[in-house]
There are 2 protein chains.
Amino acid sequence: MAATIFDVAKRAGVSIGTVSRVINNRDRVHPETRERVLQAIRDLDYHANALARGLASQQTATLGLVIPQVNDPFFFQVVRGVEEAASAANYSLLIASQSRLPASERRYLHLFRRGHVDAMVLASIEVHAHEVQEIVEQGIPVVLVQLDIGRNIPTFLADNYGGGRAMAEHLVVEHQYRRVAYITGTDHTPDNRERLRALRDVLHENGLDLPGEYVVEGDYLRDSGYRAMQRLLELPTLPDAVFAANDQMAIDAMMAIREHGLSVPDDIAVVGFDDLPLASYVSPPLTTVHQPVYELGWHAGQMALEIIHTQGDRSALAAPNKLLLPTSPVIRRSCGC
Amino acid sequence: MAATIFDVAKRAGVSIGTVSRVINNRDRVHPETRERVLQAIRDLDYHANALARGLASQQTATLGLVIPQVNDPFFFQVVRGVEEAASAANYSLLIASQSRLPASERRYLHLFRRGHVDAMVLASIEVHAHEVQEIVEQGIPVVLVQLDIGRNIPTFLADNYGGGRAMAEHLVVEHQYRRVAYITGTDHTPDNRERLRALRDVLHENGLDLPGEYVVEGDYLRDSGYRAMQRLLELPTLPDAVFAANDQMAIDAMMAIREHGLSVPDDIAVVGFDDLPLASYVSPPLTTVHQPVYELGWHAGQMALEIIHTQGDRSALAAPNKLLLPTSPVIRRSCGC
DNA sequence: TGATATGATGAAAGCGCTTCAAACTAACCA
DNA sequence: TGGTTAGTTTGAAGCGCTTTCATCATATCA
């Protein structure tokens, strides 16, 4: 059996209270006593039981992370970011992927209800504002990633609008494309909407229009870009450039164009959003917008830790609660450069 | 504050022991009493505290998963697999990525030392056999994924040899390539060695040789395939086919070949291993070997749970402790098909 | 009718830690 | 010399559960 604090106390000839103070660097302990305790800890290879500690102190040194069930390397980057922030602070990371169950059965809510975590990071999941509110009201800090529910909750977002603008300007101003089409992601997600808004704004500012038939619906997933592109290719006036809401669809769109006997970028330019590793390997290499995914995760984890450590200190909550991380266009070949 | 078992007991007019029995479906409880307790639980929105429960019962309903720090979508699949196995059994998943710290500081060892998890899954990390032994001796079941330390520990591996053979035969027998080169992964990993062994065997069986200069060293990572291929291209007699230890390097090798003014697969065929999503998008689409990564994770999680539930039942440990999951060649274009 | 199962519940002892009031010690001051 | 005080340490009460053992009805049998 593993050694307990009791064993350490006995060996060092002190009470468990003293051992606890040594472990936690609390109050003052006589240097000699401290050394004796530390020696006993070494001798017994003692490691404090995390559960007992959590129960007694009401702190678990654990962060909860909820991600969608989708199989997307995107989220792995978020996971890595949060994990590294957590482990650098000696916190553990408890992961839950959002299940398809109805809200009443959502397991991830148990994470906090059961006192399992000190804070939660929710990444691009479907969640109701009142659910989040409930968590926060129970005293568990929540940080959101790529997900905005419009309450006063710390939120980390990639700058979708800014990235979308930069890309749109690249197409419209530098390349002088005149008929730009857009393949949407899932309609309700804010990232998709921001990217579309950016394109529309840039077009307007340049005296151009985004006709309804140039906005075709996709869902971010494989194939949907292909089908969307097919619809565009049936139009009487073909676009000269296509902005897809993510790389996956952009790549599928390129396929559709090629199968249609046209060339990318000579006949139709194609650009995406995300900068998947994949983007640089397709041919032509995809021009896209880089998203700081790892950084989103890292900052979110960091923020969660900060809030934990300033609990009750209301002034801390006055910090900006919506942070945009910069996105940057990655110019390759598919735009015509 | 969240309701405790005490609150529920008071509201239902019973003792906490009875509430506990209802929660855990233990012993028998009078149907009427049970209903009264359940109603109180609903009324108070009670959720048992996981820490207290874990402390009292010495079971945490949590699985620990350790992955390398590498940034590889491969591991995300493993994570997903384990996570789904865990959550289907109402277990949580605690993740730790292996840090670069010296063994004495390896945080993930704390996961179990501190009584945090009921079992651990170690995935392709660097670990010493005696460390694993120590964990097991403390009564924490361990399951390995893509990692073989040669002890009597349940291990899930992709069938690297089988997949390597199938691919090698495709090259040598069907395509009749005569000069096949191999770009290695990190030398010490068993997967790499198995794949190489398979190629060598098939060549020998067909009266062919694998000359030393046709085995060039890579490290699985980006660029290393490119450099390895450059070395191959400097040889007096060029290979007619190249087998790379993974897709990433295969793709880089294709680039090097093209930059050298040669064509894939007409001048030199290239195949990989892994079947990254990426593989189907490059041009020509990469012929490779599919690895059941998600399944590896899922089975490992499942096995960990099984061992937990049959603890002490020695007969269970007689089950096969080394499981090969089948890999399958995915024939695309880069092999010449 | 009294002895004996059987079913249902309660009471209390932990699980391994944190934390806080209280106690002890030695040193200092008036 | 008694009273302070600052520095250390102890002891014990939880934290919210599980689990064992004892208890108490009620039903069963000879």
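Computed from heavy atoms alone, side chains included, the values below leave out hydrogens, waters and symmetry copies. On a predicted model such as this, the values are computed, not experimentally measured, just so you know. So that the names make sense, note that chain A is the first sequence line, chain B the second, and so on, each numbered from 1.
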| Which residue lies toward the 5' end of DNA chain D, B:Gly17 or B:Leu55, if each is placed at its nearest nucleotide? |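 Result: B:Leu55.
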Phosphate OP1/OP2 of [N]: any [X] side-chain N/O under 4.0 Å:
| X | N | answer |
| --- | --- | --- |
| A:Thr18 | D:dT10 | yes |
| B:Arg26 | D:dT19 | yes |
| B:Thr4 | D:dG16 | no |
| B:Arg53 | D:dT18 | yes |
| B:Ser15 | C:dG10 | yes |

| query | Do the ring planes of A:His299 and A:Phe156 sit parallel (below 30°), tilted (30 to 60°) or perpendicular (above 60°)? | reply | parallel
Measure [atom1]/[X] against [atom2]/[N] and give the value in whole Å, please.
| X | N | atom1 | atom2 | value |
| --- | --- | --- | --- | --- |
| A:His116 | D:dG16 | NE2 | C1' | 14 Å |
| A:Asp27 | D:dT10 | CG | C1' | 13 Å |
| B:Ile16 | C:dT9 | CD1 | C1' | 13 Å |
| B:Ile5 | D:dT19 | CD1 | P | 11 Å |
| B:Gln58 | D:dT19 | CD | P | 10 Å |
| A:Phe6 | C:dG14 | CZ | C1' | 13 Å |
| A:Arg28 | C:dA26 | CZ | P | 18 Å |
| B:Ile23 | D:dG16 | CD1 | C1' | 10 Å |

| request: List the steps, then state whether side-chain contact (heavy atoms from CB on, under 4.5 Å) holds for B:Val66 with B:Val121. | output: CA-CA 6 Å; B:Val66 188; B:Val121 176; over 6 Å; no
| query | Would B:Asp148 and B:Thr155 count as a side-chain hydrogen bond (donor to acceptor under 3.5 Å, both in side chains) if you check the C-alpha gap in whole Å, the side-chain angles of each, and the deciding distance to 0.1 Å? | reply | CA-CA 7 Å; B:Asp148 190 353; B:Thr155 303; 4.6 Å; no
| request: Could you tell me whether B:Ser20 contacts a base, only the sugar-phosphate backbone, or nothing, with contacts defined as non-hydrogen atoms closer than 4.0 Å? | output: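 Result for B:Ser20 = base.
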| task | Give one of base, sugar-phosphate or nothing for B:Asn24, where a contact means two heavy atoms less than 4.0 Å apart. | result |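 Sugar-phosphate only.
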| So which of residues 29-49 of chain B are in contact with DNA chain C, with a heavy-atom cut-off of under 4.0 Å? |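 Here the set is B:Val29, B:His30, B:Thr33.
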Is there a side-chain contact between [X] and [Y] (heavy atoms, below 4.5 Å)?
| X | Y | result |
| --- | --- | --- |
| A:Asn49 | A:Thr4 | no |
| A:Tyr46 | A:Ile5 | yes |
| B:Val145 | B:Leu122 | no |

| request: Ignoring hydrogens and angles, answer whether the base of C:dG10 and the side-chain atoms of B:Arg21 contain a donor-acceptor pair closer than 3.5 Å. | output: yes
| message | Is there a side-chain hydrogen bond (donor to acceptor under 3.5 Å, both in side chains) between A:Arg42 and A:Gln39? Walk through the geometry before answering. | response | CA-CA 5 Å; A:Arg42 277 190 295 270; A:Gln39 188 56 50; 2.9 Å; yes
